[in-house]
Amino acid sequence: MGTHPLYESNKPRTPAEEKALQELASGKKKVVVFEDEGMIKGMSADFAIVQGCADYHNNHPKTTKKDW
């Protein structure tokens with residue numbers, strides 16, 4: 001799941017998930033815990049630790065973000 005997913009299936013499914021992703025994208029936190037539809041959920045920030053992963057996302061035909 002992400003703010004700029006390559007595949008439609010990885011989009012946030014609820015407003016709470018979208019808000020949590022925005023909070024992670026701000027860079028202020030690496031882990032966010034929140035309540036969503038009666039469930040406690042958590043998300044953690046993902047980091048490209050290999051240049052090849054970032055290059056794949058930056059050059060993918062469906063990407064909307066080019067600066068991973």
Side-chain angles (χ1 to χ4, degrees):
M1 186 181 300
T3 55
H4 297 84
L6 296 179
Y7 302 103
E8 193 74 19
S9 60
N10 292 332
K11 290 177 73 172
R13 293 174 187 89
T14 66
E17 288 179 352
E18 189 163 346
K19 183 179 175 193
L21 284 169
Q22 290 171 352
E23 191 172 348
L24 284 175
S26 75
K28 295 177 183 174
K29 295 182 179 180
K30 294 184 180 184
V31 176
V32 177
V33 178
F34 59 100
E35 184 177 348
D36 188 14
E37 298 179 345
M39 295 174 54
I40 302 297
K41 296 182 178 180
M43 289 186 184
S44 63
D46 190 16
F47 297 96
I49 57 173
V50 177
Q51 188 60 46
C53 294
D55 292 343
Y56 175 81
H57 282 267
N58 288 337
N59 296 309
H60 194 281
K62 291 184 175 183
T63 193
T64 58
K65 183 173 162 72
K66 302 280 186 185
D67 61 347
W68 291 105

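All values below were derived from every heavy atom in this structure, side-chain atoms included, with hydrogens, water molecules and symmetry-related copies excluded. In this chain, numbering begins with 1 at the start of the sequence shown.
In this structure, the side chain of Thr63 does not engage the main chain of Asn58 through any donor-acceptor pair within 3.5 Å.
Between His4 and His57, every side-chain heavy-atom pair lies at or beyond the 4.5 Å cut-off.
Applying the side-chain contact (heavy atoms from CB on, under 4.5 Å) criterion to Asp55, with sequence neighbours excluded, gives Gln51, Asn59. For Pro5, the side-chain contact (heavy atoms from CB on, under 4.5 Å) partners two or more places apart in sequence, or in a different chain, are Asn10, Lys11. Under the side-chain hydrogen bond (donor to acceptor under 3.5 Å, both in side chains) criterion, His60 pairs with Tyr7, not counting sequence neighbours.
When all heavy atoms of Glu18 and Pro12 are compared, the pair lying nearest together is N-CB, 3.7 Å. Arg13 and Glu17 get closest at one heavy-atom pair: N-OE1, 2.7 Å.
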When the side chains of residues 29-37 are checked against the rest of the protein, which donor-acceptor pairs come out under 3.5 Å, sequence neighbours left out?
from	atom 1	to	atom 2	distance (Å)
Lys29	NZ	Glu23	OE2	3.0
Asp36	OD1	Thr14	OG1	3.3
Asp36	OD2	Thr14	OG1	2.7
Asp36	OD2	Lys41	NZ	2.9

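For residues 59-68, the set of pairs meeting the salt bridge (Lys or Arg N to Asp or Glu O under 4.0 Å) definition, not counting sequence neighbours, comprises Lys65-Asp67. Residue pairs satisfying the ring pair (Phe, Tyr, Trp, His ring centres under 6.0 Å) criterion with at least one member in residues 9-30, sequence neighbours excluded, are absent.
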